[in-house]
Structures are given as C-alpha cells and as structure tokens.
Protein chains: 2
Amino acid sequence: MNKIKVLVVDDHPMVLEGMRSMLAQINFVHICGTVCSAYGAVESIKQLTPDIVITDINMPEISGIELALKIKNEFPDVKVIAMSTFKERSYISQMIQNGASGYLVKSASKEEIEEAILSVYEGKLYMSLDINLSATDKQELDNIPILSSREKEVLLLIADGFTNPQIAAKLFISLHTVDSHRKNLLTKFTVNNTASLIKLAARYNMV
Amino acid sequence: MNKIKVLVVDDHPMVLEGMRSMLAQINFVHICGTVCSAYGAVESIKQLTPDIVITDINMPEISGIELALKIKNEFPDVKVIAMSTFKERSYISQMIQNGASGYLVKSASKEEIEEAILSVYEGKLYMSLDINLSATDKQELDNIPILSSREKEVLLLIADGFTNPQIAAKLFISLHTVDSHRKNLLTKFTVNNTASLIKLAARYNMV
DNA sequence: ATCAAAATCCCTTTTTCAGGGGATAATAAA
DNA sequence: TTTATTATCCCCTGAAAAAGGGATTTTGAT
C-alpha cells in the first residue's frame, strides 16, 4: 500500500512540529511537507502533490478558509482537513462549504488524527467536534443560537457600531424591521441589551 | 553542566508533541515531563522537580494564570514561562504579576524557545511579544487602549449587560461617574457606541 | 512639594434602545 | 396543501445612552 502523502499548513512552528511528530508515528502516512503560511501552501502542493492537506483555520493574512477554496479550485483531487481550537465553531460550516472534507480540533489525539486521515482519504467526511470538549464547552455550543441570514447581517452592522436608522438605510428596509430583527436577536441570545449581545456574539466568533 | 529540567503544560497534545520535539533538539534541556492539564501539573512538579515550567495560558478549568500563582506559592524556586497565541496580550501582565518569568508566543521558533529557557534559568525575564507579528497585528496591539482599573471594572459590567444605574449601585458610585467612565471608554477605544466598544474589547480579550 | 492622572460628581439635550403589542406577504418545509 | 418560518411593516412608552459642557478631590509619580 502506498503511503498517504500529507502536507501540514500552520503558522505555529510548534504545532507543525507536533503534527510532524504525531504523523511520524502513523505508518501509512508520509509527511511530504510542512508550511508555515498559506502563501507557500499552493506552491508546495504543486511540487509535493499531497493527497491530503491539513490546514489551520486561523492564520494571518490568508485564512484556512480561503486556502481551502483555492485548493478546491486548483487541485480538486486534494482533500482538505481543517484544524483549529474548538472555539471557531462558526467557521466550520464555511470550511465545509469551501470543500474541506474534515475537521480536527487541536486537542486531537494521535488516534483521532489517524482516523481523520483514513476517513478523508476514503472520501468520507470526518468531524471531531464533540470530542475533548469540557461539559461547559458543550453546553455553550448547544446554546449558540441559529440566526437567519438577515439576522446575521443586522448583527454584524450592530457590532460595527451602526445605529438602527443607519442599518435600515444600508439594507433598504424600514426602521421597524431593523428593530424587529434586533429584538429577535436579543431573544435568541437570551440577553437584554446590546452589550451582552455583542459579548456573546464575539465569543461565538459571529462578529 | 547539568541539563535544565523542563516541564510542559498544555491541553493540546499537538503542542505538547511539538514542544517535546523542539526541546529535544536543545542539548542543554531535559524534558522531564509533559502534562495535558493544570490539575496534573502540581503533582508532576512535586515528583519531577523541574527547573522551569512552560505552561499554556488558555486551558479549560484552571488557567495558566492560576497555575502560575499556585506554582509560585508552593514551589517558589520553579520558574514559569507562559505561552499562548499572541492574542491574549491582556493576560500577560496578570501572568507576570503571578510570578511568571517569561512569555512565549506559540509561533516561537526553536531559537526563541532556547533563548527563553536560558534567560529565565539565569533569573532574567524573557518576553517574545514583538516577534512574529504581522504588520496589522502590531498596529492592533499599539491601538489597544490602556485602561485604569476602574475603567476595566466598568467595562466588564457593561459587557455583562448591566445598565449604568446598576453599575453605579454595584460600585457604590454615582450614576454620573459611571457615565463619565463610559464616555472615557468610548473615547479611548475611539468608538461611538456600546456595540463597537464591546466588539473591540472582545477582540482584545478584555471581556 | 508639585504636577499629572485618575476618580469622582453635576447638568442638559437629543437620540437610541428595550420591551410591549400586533399584522401581513413570501418562502420553505412538512 | 397546510404549516411554520422568515422578512417585512407599524405603533407605543419609558428608560437609557450619546454627546456636550464643566468641576472637585484623591492618588501616584517625579
């Protein structure tokens, strides 16, 4: 059996080293390279022709989300596994939409990484969301409200400091409508003013 | 020369592996252990008697900040190096106040880690703040306003959704005073309403 | 001892928010 | 096709925040 060629992209040398060390223990995996920025990633893929790219989501300048899109466009056969701390839950769906096949938390064990690589290599999806979360973390995830797209728009504009009339003008809707969305946001987040709303939204990486 | 005994604490196995691999390349360092939670750390220090503990700041349940305090109380001779992504800048001062001797970003290179360990072992302070920051990150750091302790209190209460009258009651000060602090916060953050204020404060890990 | 900064308090006016109510098309899901 | 959701619009009231002005007393640093 040919080894699965894996390229790792992360801006933290420490994580790269960790991945390198962990992947070295998996016999069916060959680490064909590690890259510390999304800039070098595309070039490296061209040269090293990996089967799977494991990439951090949070990177300066070019995020893992954009990188996933680029990879899917230029190298449709290359599978992408996104990696991050559990906190960036809201980014995961974007990552999947951009063609990623898997999601790993950075607290993943060697076994999980192994499973993720195998699953993704076989064309399946792999998600390691529920693992390694503390009880409070899980509860937090469950409490993240589901917003409509319009509500998301309004939320972002609120967070950027726009007043209701300004938001109404921007979205070409009535002031009353903005007010309704705003009320619904407060209800969905079970808070009673803007400060709490934005604090929570920030914690969930929605703003 | 005796090797410097180092214990690493981090809840991400990947980072632990990375540190282990990087420290293994430094000849004057002996990794006497790695621990994946602050709970085990104290016990391990007792058994392994490290010279230096390198600990992540962000850990579930017990943070690195609390851990640093515990270590300084129970093992005053053990030096502590705090480690995190650059984002938690606001925690650094707390870490230092709690007796940490150094600060490493997770994007630190082997050389930086080497230097940090040496410096701290010799009783100096080591800070790796300005390294590996992108231009925009640096600019952001520069723009982080310096708040008085009172302002921090007020900011936290605002973020928790308390109104000015409630804050006044909690802090035993006049409503007018709260209002002044609030105005000063808006000025210092160069924003013009609460939503923007909390969004920024959240980004700077102040709430 | 002096100066600067921080923290405190006071006032006014305009604007915005919060919370309450309810209603109607359009769309998506069952 | 019926139901539920979403997005839209409207009204009201009182509370709170934004923005402007200014003043005094602690506290900390030089």
Side-chain angles (χ1 to χ4, degrees), chain A residues 90 93-94 96-97 142-204 206-207, chain B residues 90 93-94 96-97 142-204 206-207:
Chain A
S90 56
S93 61
Q94 293 178 53
I96 302 300
Q97 279 172 1
D142 285 341
N143 288 336
I144 297 181
I146 295 157
L147 304 184
S148 70
S149 55
R150 203 54 154 175
E151 284 168 340
K152 281 180 202 164
E153 281 184 281
V154 173
L155 174 61
L156 285 176
L157 291 170
I158 293 173
D160 283 333
F162 293 103
T163 65
N164 283 5
Q166 288 174 324
I167 296 173
K170 265 184 188 289
L171 300 182
F172 302 106
I173 56 179
S174 149
L175 174 60
H176 305 292
T177 308
V178 179
D179 205 49
S180 290
H181 289 308
R182 196 165 190 141
K183 277 188 291 188
N184 291 334
L185 284 169
L186 293 176
T187 305
K188 286 193 175 178
F189 280 84
T190 56
V191 295
N192 49 19
N193 63 33
T194 307
S196 308
L197 172 68
I198 300 300
K199 184 191 175 189
L200 262 190
R203 174 171 306 165
Y204 299 152
M206 290 171 157
V207 294
Chain B
S90 56
S93 62
Q94 291 179 54
I96 302 300
Q97 278 172 3
D142 286 341
N143 288 335
I144 295 181
I146 294 156
L147 304 184
S148 71
S149 56
R150 205 50 156 176
E151 285 168 340
K152 281 179 202 163
E153 281 185 281
V154 173
L155 174 61
L156 285 176
L157 291 171
I158 293 173
D160 283 333
F162 293 102
T163 65
N164 283 5
Q166 287 174 324
I167 296 173
K170 265 185 188 289
L171 301 181
F172 303 104
I173 57 180
S174 149
L175 174 60
H176 305 291
T177 309
V178 179
D179 205 50
S180 290
H181 288 308
R182 196 165 191 139
K183 276 189 289 190
N184 291 335
L185 284 170
L186 293 176
T187 306
K188 284 193 176 181
F189 279 84
T190 57
V191 294
N192 49 19
N193 63 33
T194 307
S196 308
L197 172 68
I198 300 299
K199 184 191 173 188
L200 260 189
R203 175 172 304 164
Y204 299 152
M206 289 170 156
V207 293

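Letters go in sequence order (proteins before strands), and every chain restarts at 1.
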Interatomic distance, [X] [atom1] vs [N] [atom2] [rounded to whole Å]:
{"X": "B:Leu185", "N": "C:dT8", "atom1": "CG", "atom2": "P", "result": "13 Å"}
{"X": "A:Asn184", "N": "D:dT5", "atom1": "CG", "atom2": "P", "result": "12 Å"}
{"X": "B:Asn164", "N": "C:dT8", "atom1": "CG", "atom2": "P", "result": "14 Å"}
{"X": "B:Ile167", "N": "D:dA17", "atom1": "CD1", "atom2": "C1'", "result": "11 Å"}
{"X": "B:Leu186", "N": "D:dA18", "atom1": "CG", "atom2": "C1'", "result": "8 Å"}
{"X": "A:Lys183", "N": "C:dG22", "atom1": "NZ", "atom2": "C1'", "result": "9 Å"}
{"X": "A:Asp179", "N": "C:dA23", "atom1": "CG", "atom2": "P", "result": "18 Å"}
{"X": "A:Glu151", "N": "D:dT6", "atom1": "CD", "atom2": "P", "result": "7 Å"}

Note to self: So if I take every side-chain heavy atom of A:Ser180 and compare against C:dC9, D:dC9, D:dG20, which nucleotide ends up nearest?
What the structure shows: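 Per side-chain heavy atoms of A:Ser180, the pick is D:dC9.
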
Next item on the list: Examine C:dC17: is either OP1 or OP2 under 4.0 Å from a nitrogen or oxygen in the side chain of A:Thr194? Give yes or no.
Entry: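 Looking at the OP1 and OP2 atoms of C:dC17, neither is under 4.0 Å from any side-chain N or O of A:Thr194.
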
Margin query: For D:dT8 and A:His181 - does any side-chain N or O of the residue sit under 4.0 Å from the phosphate oxygens OP1/OP2?
Written below: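 Answer yes for this pair, as a side-chain N or O of A:His181 is under 4.0 Å from OP1 or OP2.
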
Next item on the list: Looking at every strand, decide which applies to A:Ser149 at a 4.0 Å heavy-atom threshold: base, sugar-phosphate, or nothing.
Entry: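 Sugar-phosphate, no base atom in range.
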
Margin query: By the 4.0 Å heavy-atom rule, please label A:Ser148 as base, sugar-phosphate, or nothing.
Written below: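 The answer is sugar-phosphate, as A:Ser148 gets under 4.0 Å only of primed atoms, P, OP1 or OP2.
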
Minimum side-chain heavy-atom gap [X]-[Y] below 4.5 Å:
{"X": "A:Ile198", "Y": "A:Phe189", "answer": "no"}
{"X": "A:Leu175", "Y": "A:Ile167", "answer": "no"}
{"X": "A:Leu197", "Y": "A:Arg182", "answer": "no"}
{"X": "B:Asn184", "Y": "B:Val154", "answer": "no"}
{"X": "A:Arg150", "Y": "A:Thr177", "answer": "no"}

Notebook entry, point to check: Would you say the side chain of A:Thr163 and the base of C:dC17 hold a donor-acceptor pair, judged only by whether the two atoms sit under 3.5 Å apart?
Noted result: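 Counting by modelled atom types and ignoring angles, no donor-acceptor contact under 3.5 Å is found here.
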
Notebook entry, point to check: Has the side chain of B:Ser174 got a donor or acceptor atom sitting under 3.5 Å from an opposite partner on the base of C:dC10?
Noted result: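 Check fails, no donor-acceptor contact within cut-off.
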
Next item on the list: By nearest nucleotide on DNA chain C, pick out whichever of A:Pro165 and B:Ile173 is the more 5' one.
Entry: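 Result: B:Ile173.
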
